[in-house]
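Just so it is clear: chains get the letters A, B, ... in the order the sequence lines come, proteins before strands, and each one is counted from 1.
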Amino acid sequence: MEKELERQFLEAYEQYADALFRHCCFRISDREIAKDLVQEAYMKTWVYVVEEKEIQNIKALLYRILNNSIIDYFRKKKAVSLDTMMEDTGFDPAEKEIGDPETRLLGKEVMKLLSKLDNQYREIITLRFVDGLTPKEIAEVLHTSPNVVSVRLHRAIEKLRSQAPELFSDISFEE
Amino acid sequence: MKNLQDILNRIPLKPLQKEEKNAMRTRLIDFMNVHPSLSTKRPALSSFFFEMFSVRLLANALPAALVLALVVGGSISFAAEGALPGDLLYPVKVSVNESVRGAIAISSEAKTEWNSELIERRLQEAEELANEGKLDEDTRSEIESNIETHFADIETRISAEGDNDRAAEVSSRLETALRGHEQILLEISKGGGKGESITLAAKVAASLEDVSEAEALAQTLRSKAEAISKTRTEAEISVSSRVNGQMKKSAENSLRSAEKRISEARKLLKKNKATLNAEISAQIEAQMQAAEESITEGKTRVEAEASGEAFVLFQEAQRLADEARLTTRAARDFDVRISIRGIDISTAMTLDAGEEDDEEEDQED
């Protein structure tokens, strides 16, 4: 039985590590620390799994634990501007440019605006629009109800929009 | 109309590279091995965070020199020194403390010393576990295979160095250590140790299960001791059959070592005298005395230009001093009484130390 648990868990590593990493990068400015946090999240999740002796919805669990780690990280550290991230560690200059220049520019703009949001709003926007989690999944991650998630999401979108109405005028927030 | 999700998805953040992902996977697997799913130990939530400060994580976030300073000089590594296999801090003890000290040992000589120390450490862990009734088969085999590795390393180095003096000294110390620990394990397995205050019946039941493990390990130690005894004897013979001029130097070195060991043993005895009972104190005193007599004897041999004999006597003195130390530690840590070669207190005091000693004496020399 123990081999099975190990195997499943490592599969979850292969499957979600990249997405979790990307999620981290969206929220903090340091790529190296992002790696640490993801590593830490997996380790903590493993300990949890060992206690419970089973894996139920590992995705939500991983996100939740990662989210907590990120929150802890912010508590200890002043938030660093996203500009720094884009210039230094996060951005991949080598990566093949995706999409048209206009979209890319837009992306940078949106990132900047995102960084100005409250942690809670940034968190929920990232989970929804970067990780693509459904409101129900987000509810599991945040340990709250889908209703609360919807409300918060709505407020976050409004906040974001209000920062640059013209910019967002032709951006849809639907799937 | 553009979609926020699309826009965000297209932002080119550098993803996890293959090597990075693999490196993290390796660390994760290491971590999982320390927390196996079948472990009955349930880490408390607070110890959770302890592990989070483990070096691998620190090492990613901080410059290496800082990590070393934090951990080696800091309370985590200090706290880890007492850790046993299965404890949360045990990986810190092994992967950090021990690898740092191992790295510092550069010369072949130093490495041999360090390997001997590692054997000591593993054996102490085995004894403590056995004493608590927690020495299971897996842990025992693990400890055994570690000892094998260190042992083999020592033997290789000894033969590579080709230095008979060193070979004699190292193998002598190792032999004494192995025999001493063998005794300790046997005593513990007989239920002679200070365990937690559980009922006698429970203690017996627990010790019966471990009896096989502690005894098995003791067996291994015995055969290893015999193996190294041969090495030791050969080395001693080589050394003592040298031409007198060369011999003198060897004898002098051996004398210095012996005196050092004796003083260490005395210090240890002094430190722990209060906690030892009268018989054991007397036994250790007798061992120390025998060691000192051996030295005196050896000195007269040196004067009589019989340095070869002197060398052997100084070697003997070292062994006696080591035994005294082990006896002290066995009494202090496990409340057991060992006697490696039957150095007994005077016949005036009646004690049952006789039985094991007789067997041992037959095997010695």
Side-chain angles (χ1 to χ4, degrees), chain A residues 1-6 9-10 13-14 17-18 21-22 25-26 31-33 35-36 38-40 42-44 46-51 53 85-86 89-99 103-104 106-108 110-111 114 125-126 128-130 132 157 160 168 170-175, chain B residues 1-64 66-67 86 88 91 138:
Chain A
M1 184 252 212
E2 93 275 39
K3 288 298 173 211
E4 183 57 25
L5 208 61
E6 255 87 326
F9 189 77
L10 288 171
Y13 174 75
E14 289 305 314
D18 305 279
F21 179 70
R22 191 175 167 85
C25 285
F26 259 89
R31 194 167 180 280
E32 289 303 307
I33 295 185
K35 281 200 291 185
D36 284 347
V38 172
Q39 179 100 74
E40 195 181 298
Y42 270 100
M43 288 176 172
K44 284 182 177 169
W46 172 248
V47 176
Y48 184 91
V49 161
V50 162
E51 293 266 311
K53 300 229 180 284
M85 167 170 132
M86 285 165 61
T89 51
F91 252 66
D92 184 4
E95 177 159 323
K96 195 181 65 167
E97 303 291 337
I98 303 173
T103 314
R104 286 204 302 280
L106 206 52
K108 283 193 177 163
V110 173
M111 284 275 268
L114 253 184
I125 294 224
T126 310
R128 176 76 186 83
F129 294 106
V130 174
I157 292 173
L160 189 63
F168 287 104
D170 67 342
I171 296 181
S172 104
F173 287 82
E174 302 312 308
E175 209 149 350
Chain B
M1 194 156 177
K2 294 164 204 86
N3 187 291
L4 183 64
Q5 191 156 11
D6 269 346
I7 294 173
L8 293 177
N9 278 340
R10 288 172 204 275
I11 294 176
L13 289 174
K14 186 174 178 190
L16 267 184
Q17 304 294 284
K18 198 151 187 235
E19 323 83 61
E20 290 174 320
K21 195 170 180 187
N22 283 338
M24 284 166 67
R25 186 196 166 99
T26 307
R27 280 192 284 269
L28 182 60
I29 291 177
D30 281 350
F31 182 82
M32 286 164 76
N33 284 332
V34 177
H35 291 266
S37 52
L38 281 190
S39 168
T40 49
K41 258 196 154 169
R42 291 171 158 264
L45 202 59
S46 58
S47 59
F48 207 52
F49 299 104
F50 236 126
E51 187 69 55
M52 288 310 111
F53 289 109
S54 86
V55 174
R56 292 182 193 91
L57 286 170
L58 277 177
N60 292 333
L62 300 169
L66 189 57
V67 174
L88 218 53
D138 285 338

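- Each of A:Leu10, A:Val50, A:Val49 was checked for a side chain to side chain contact (heavy atoms under 4.5 Å, CB included) with B:Met32, and the lone residue meeting it is A:Leu10.
- One finds the CE atom of B:Met24 at 7.5 Å from the CZ atom of A:Phe21 (value rounded to the nearest 0.5 Å).
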Working note: A:Phe129 + B:Asn9, criterion side chain to side chain contact (heavy atoms under 4.5 Å, CB included); need CA distance, chi angles, decisive distance, verdict.
CA-CA 8 Å; A:Phe129 294 106; B:Asn9 278 340; over 6 Å; no
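- Residue with the most contacts toward chain A among B:Leu8, B:Ile29, B:Leu16: B:Leu16 (heavy-atom pairs, distance under 4.5 Å).
- B:Ile11 has its side chain within reach of A:Phe26: a pair of non-hydrogen atoms, C-beta onward, lies under 4.5 Å apart.
- In this structure, A:Arg31 contributes its side chain and B:Leu13 its backbone to no donor-acceptor pair below 3.5 Å.
- Remark: A:Met43 CE to B:Arg27 CZ distance equals 7.5 Å, nearest 0.5 Å.
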Stepwise side chain to side chain contact (heavy atoms under 4.5 Å, CB included) test for B:Asn3 and A:Ile171
CA-CA 5 Å; B:Asn3 187 291; A:Ile171 296 181; over 6 Å; no
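- With a 4.5 Å cut-off on non-hydrogen atoms, A:Tyr13 touches chain B through its backbone and its side chain both.
- The distance from the CD atom of A:Glu6 to the CG atom of B:Asn33 is 7.5 Å, given to the nearest 0.5 Å.
- The structure places CG of A:Asp18 at 10.5 Å from CD of B:Glu20, a figure rounded to the nearest 0.5 Å.
- Using a distance-only test at 3.5 Å, with no hydrogens or angles considered, no donor-acceptor pair links the side chain of A:Arg128 to the main chain of B:Gln5.
- Heavy atoms of A:Ile157 lying under 4.5 Å from chain B are absent altogether.
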